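Below is one structure, written out as structure tokens; the observations come after it.
Just so you know, ligand 1 is whichever comes first in the structure, and atom 1 is the first atom listed for that ligand. Only a predicted model underlies this, so the values are computations on that prediction, with no experimental measurement involved. The basis for the numbers below is simple: all heavy atoms, side chains too, and nothing from hydrogens, waters or symmetry mates. Quick note: residue numbers are just sequence positions, from 1.
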Amino acid sequence: MMYKVVIGLEVHCELKTKSKNFSSAPNEFTMTPNIHVSPVDLGLPGILPVVNEEACRKALKTAMALHCTNPDEIVFDRKNYFYPDLPKGYQITQVTKPMGIHGYLDILVHGERKRIFIHQLHLEEDTASLEHASTFSLIDYNRSGVPLIEIVTEPCIESAEEAVQFLEDLRDVFLFCEVSEAKSNYGQMRCDVNISLMKEGQKELGTKVEMKNINAFNAVKTAIEYEIQRQSEILDRGEKVIQETRRIDEDGKTYSMREKVDAIDYKYFIEPNIPKIPLSKEYLDAIRKEIPMLKLERFERYQEEYGLSEYDAGVLSADKKISDYFNTVIENSEDVSLALNFVTTSVLSTLNKLNITIDEFPVKATSIAELVNRVSLKKISFDHGKKILYKAIEEKKDPIDLINEQHLEQINDEEKLLTIINNVMNEHPEQVRQYVEDGNTFVYNFFVGQVMKTTNRQANPNISLQMIKEELERRKQNERK
Ligand code: ADP
Ligand code: MG
């Protein structure tokens with residue numbers, strides 16, 4: 001039988017801050033264990049947490065980018081449980097007033113907009129990390145206390161594809177807002193997948209299975225596909241899916257870890273060591289102003305306002321820095337299609353070829369715009385503009401300086417061009433004779449080539465061609481007299 005798939009995700013993402021959420025130890029990824037640790041992160045007796053404002057700002061900012069409603073004050077709660085990676089015996093998290101509730105993120109699935117509803121976003125602290133050997137386990141406290149946001153979606157995701165698209169787009173929100181580097185290979189972004197199936201016409205949600213801590217997005221896809229198959233077979237046999245936590249193994253299958261008997265009682269209470277922090281409208285407004293335009297909006301604007309193809313719009317909106325660079329070029333140039341051409345064919349291809357980031361690209365966006373403007377005003381030819389750009393990249397110089405230094409502006413002056421053309425023709429009497437006596441028009445291109453060569457490609461090729469035709473014709477008429 002076919003079933004309706006219901007998925008809800010709980011996504012954890014470590015925030016990028018200088019120090020940890022409640023201590024001054026550095027928040028920095030390192031392979032050397034236990035070097036970024038303070039007594040607070042070890043849960044030693046008598047410790048007191050100090051709230052990291054930057055972490056709060058970034059959590060609030062992400063919540064706003066996801067269209068959530070923010071609270072009127074920051075409140076932290078204690079979640080009590082025992083596990084070796086949690087030395088205090090409790091985690092500081094948010095239950096009473098999360099940083100954001102009732103939000104959404106629109107994603108594109110096969111070109112169609114789908115709204116994924118966000119139940120809540122809250123700020124908490126990461127646990128230490130455990131490494132299990134055969135007869136013992138090791139604890140690394142570097143991660144203990146790292147600021148972590150958790151984003152819980154409503155159960156509104158309907159396929160593995162939607163889940164992965166949501167995760168990719170959510171990561172872009174983190175990257176565009178610059179709140180996290182969200183590297184899943186460093187465990188900076190990880191997610192729990194909840195999934196259940198519903199029969200056609202069924203009203204209430206089916207029994208869900210939870211799969212914890214999946215880092216890689218393709219593992220999320222594999223796990224979901226496997227679970228859809230496994231749960232379908234159970235339901236087809238007329239049996240019941242049991243509520244449990246499963247893990248995905250390297251073979252792409254999921255295995256039961258523990259059955260969820262009753263909801264665990266964490267004995268939550270408001271963290272007594274952290275005062276409530278009021279949030280003013282001004283404070284929140286200032287954060288809201290820092291939120292940049294997000295990927296989907298850029299993608300749509302590029303197509304609607306600048307008439308870019310879906311492909312070009314996709315390439316240029318995928319990375320915030322590239323998109324910002326392109327925006328600066330476009331805003332400062334007269335000709336959108338020329339600007340697009342220079343950025344996609346010259347800038348992006350150079351990034352690929354040299355394997356560098358846009359930050360390392362040697363030519364400023366405003367200089368590209370200036371170059372584009374000179375081409376569109378016909379001060380330099382298109383080919384010449386490209387040549388100057390490549391020279392600028394190679395020599396790490398400003399293209400406009402190159403033009404000024406080397407007097408590389410296009411030669412449009414007809415008097416100058418005529419002198420050059422006459423010189424070239426006098427140097428090549430055989431080609432002149434071919435036109436004058438045989439009417440051979442192939443020599444046009446030969447002379448254009450010669451003119452370009454002697455002027456280091458600065459001559460305006462169109463004007464030159466026209467003048468070459470006229471000069472050859474004039475010489476032919478003279479011959480007849
Ligand atoms: P729990 O109390 O077990 O933590 P929650 O109601 O808090 O469950 O939901 C946790 C996550 O599971 C959310 O992302 C939610 O969307 C998802 N979820 C809840 N019920 C279902 C269900 N029946 N099928 C799929 N996902 C679900
Ligand atoms: Mg829950």
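The cationic group of Lys79 does not satisfy the cation-pi geometry with Tyr268, failing either the under 6.0 Å distance to the six-membered ring centre or the 45° limit from the ring axis. Relative to the ring axis of Tyr104, Arg115 places its NZ or CZ within 45° and under 6.0 Å from the centre. Seen from the ring of Tyr283, Arg57 counts as a face-on cation partner, given the 6.0 Å and 45° thresholds. Both cation-pi conditions hold for Lys88 and Tyr90: the charged atom is under 6.0 angstrom from the six-membered ring centre and inside a 45 degree cone around its axis.
Using the six-membered ring where Trp is involved, Phe382 and Phe342 have ring planes that are perpendicular, over 60° apart on the 30 and 60° scheme.
The N/O atoms of Gln243, backbone and side chain alike, include none that comes under 3.5 Å of an N/O atom in ligand 1.
When the heavy-atom distances from atom 14 (O) of ligand 1 to Thr207, Val6, Thr153 are ranked, the shortest goes to Thr153. The residue among Asn194, Leu9, Val209 with a heavy atom at the shortest distance from atom 26 (N) of ligand 1 is Asn194. Residue nearest to atom 23 (N) of ligand 1, selected from Pro155, Gly8, Gly206: Gly206 (by heavy-atom distance).
Heavy-atom contacts of Glu154 reach the following atoms of ligand 1: 16 (O) (cutoff under 4.0 Å). Per-residue contacts place Val152 under 4.0 angstrom from the following atoms of ligand 1 (heavy atoms of the residue considered): 13 (C), 14 (O).
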